[in-house]
Amino acid sequence: MKLTGVEVREIRLPLVAPFRTSFSAQTARTALLLRAVGTDAEGWGECVAMADPRYSSEYAAACADVLRRFLVPALTGHEHLDAAAVAPALAPFRGHRMAKAALEMAVLDAELRSRDLPLARELGAVHDRVPCGVSVGIMGSVPELLDAVSDYLDAGYLRIKLKIEPGWDIEPVRAVRERFGDSLLLQVDANAAYTPADARHLARLDPFGLLLIEQPLDEEDILGHVQLAKSVETPVCLDESITSARAAAAAITLGACSIVNIKPGRVGGYLEARRIHDVCAAHGIPVWCGGMLETGLGRAANVALAALPGFTLPGDTSASDRYYRTDITEPFVLLDGHLPVPAGPGLGVAPVPAALEEFTVSTEWIPA
Ligand SMILES: CC(=O)N[C@@H](Cc1ccc2ccccc2c1)C(=O)O
Ligand SMILES: [Mg+2]
């Protein structure tokens, strides 16, 4: 397609409950939605950057700026733009992977809709539904945590992930393991809250039979994770550190992780996410799909990605109502612990206009 322009829409969705991690406490989700308009097609993309640079260096206002000044202009002049051409065209601009991912996603959605092809088919999905886990925030007390976990298990989630940080780790994990038993699929996510000096402390999680400990150390501390992986039994999984297929290959080869959390927004898009899946599969490394509190747009694409063969662990592809009372698309509803893979062309979903309007903060048209 020939790109006419991109509409950048800031939305703000209240969360059903505060979501606290080692790096922030959120009561609402600010996100950017992109609508790529072409001569004969249009498509939707979602930028997963937070309002402030606390998960990674990107943040929503910076994404809007880099899209406006550099990324959208870089796609003009392409008579027959397709998704494969987006990353090479944006490569001269360093970083800004979440902004690039959103733009590629919108072009990919437009291209696939015009070809009447579901994203799952394009990516190589082998399942028509995916098993779902849930990410549980840091709570005010252990009883409050146990109630939240109990509710999520009643909802049917197949795996529990607990956010941890120094001072909220051993005790909540012990309490959940003791209350819900050894068969519960249980893992933790530190969001880089620890240092290599905490190795002996983190080894105290070993008796609880966790599936993994996610991103215990700083995203740049690959060698620290290599050392840590040698001194704890719990498998190390990386999230923030895995920014590309190259980074995944290096981390795996060095022994920094034995499981990878794949997030398309973090790595520059769904095509790079598939490449990371393929690199991990070649190394025999299981992967799962991480979450960034996406709306139904990103959720639809993540579920399609999570249906690839190497995604052998339940992901953070939770139902819409884990985060939002009202989603901007038709809600994703958990059924027997699974979400269905969208079967329509492209993302297979689109915003519900009334919901979109309700949560829109601003819109901007960037001509190509
Ligand atoms: C589901 C989950 O735990 N996601 C991230 C952390 C996270 C937490 C809170 C967020 C709030 C706004 C935007 C992105 C966010 C990402 C993670 O796996 O590390
Ligand atoms: Mg994480």
Side-chain angles (χ1 to χ4, degrees), residues 10-33 46-63 97-99 101-102 132-139 145 148-149 152 157 159-165 168-169 186-194 210-219 225 235-243 251 257 259-267 273 287-295 297-299 302-303 306 313-324 332 339 359:
E10 180 181 333
I11 61 167
R12 185 178 183 281
L13 296 172
L15 297 181
V16 293
F19 186 41
R20 191 178 141 205
T21 66
S22 66
F23 65 89
S24 85
Q26 303 276 324
T27 57
R29 177 66 161 108
T30 292
L32 296 181
L33 301 182
E46 178 168 351
C47 180
V48 299
M50 299 174 68
D52 41 357
R54 292 179 179 277
Y55 167 80
S56 75
S57 60
E58 294 190 77
Y59 58 101
C63 291
R97 290 182 176 87
M98 294 178 179
C132 299
V134 63
S135 180
V136 184
I138 293 168
M139 304 254 168
L145 175 71
V149 172
Y152 287 131
Y157 285 103
R159 179 270 281 146
I160 294 293
K161 160 169 145 178
L162 303 178
K163 291 293 184 178
I164 61 170
E165 65 182 9
W168 178 268
D169 47 25
L186 182 62
Q187 64 194 56
V188 295
D189 186 356
N191 289 109
Y194 295 88
L210 299 177
L211 284 171
L212 57 94
I213 177 170
E214 185 180 345
Q215 198 70 45
L217 308 177
D218 183 276
E219 75 170 82
H225 284 104
V236 175
C237 172
L238 291 177
D239 171 349
E240 289 89 333
S241 295
I242 308 299
T243 52
C257 64
I259 302 172
V260 170
N261 162 338
I262 297 181
K263 292 179 178 175
R266 181 190 77 220
V267 303
V287 301
W288 54 281
C289 187
M292 291 292 282
L293 285 67
E294 290 92 344
T295 72
L297 293 171
R299 199 160 300 281
N302 286 352
V303 169
L313 291 166
D316 283 343
T317 47
S318 305
S320 295
D321 69 2
R322 171 13 190 141
Y323 297 109
Y324 307 117
F332 278 82
L339 287 181
F359 299 115

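Read the numbers this way: they start at 1 and go in the same order the structure lists the ligands and their atoms. Each residue takes its place number in the sequence, starting with 1. Note: hydrogens, waters and symmetry copies are ignored here, and every other heavy atom, side chains too, is used.
Using a cut-off of 4.0 Å between Lys/Arg side-chain N and Asp/Glu carboxylate O, E240 and R266 are scored as not salt-bridged. R20 and E165 are joined by a salt bridge, as a carboxylate oxygen and a charged side-chain nitrogen come within less than 4.0 angstrom of each other.
The residue from E294, M292, K161 that puts a heavy atom closest to atom 16 (C) of ligand 1 is M292.
Listed by number with element, the atoms of ligand 1 under 4.0 angstrom from any heavy atom of T21 are 8 (C). The contact set between ligand 1 and G291, taken as ligand atoms under 4.0 Å from a residue heavy atom, comprises 1 (C), 2 (C), 4 (N), 5 (C). In summary, the atoms of ligand 1 found under 4.0 Å from a heavy atom of N191, numbered by their order in the structure, are 17 (C), 19 (O). Of all atoms in ligand 1, numbered sequentially from 1 with element shown, those under 4.0 Å from a heavy atom of Q26 are 11 (C). In summary, the atoms of ligand 1 found under 4.0 Å from a heavy atom of S135, numbered by their order in the structure, are 1 (C), 2 (C), 3 (O).
Distances from the Mg ion (ligand 2) to the N/O/S atoms of D239 are shortest for OD2.
With R29 contributing its side chain and T295 its backbone, the two residues share no donor-acceptor pair below 3.5 Å.
At least one heavy atom of E214 sits less than 4.0 Å from an atom of ligand 1.
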* To do: Decide side chain to side chain donor-acceptor pair (under 3.5 Å) for Y194 and D218; before the verdict, give the C-alpha distance in whole Å, the side-chain angles of both, and the deciding distance to 0.1 Å.
  => CA-CA 8 Å; Y194 295 88; D218 183 276; over 6 Å; no
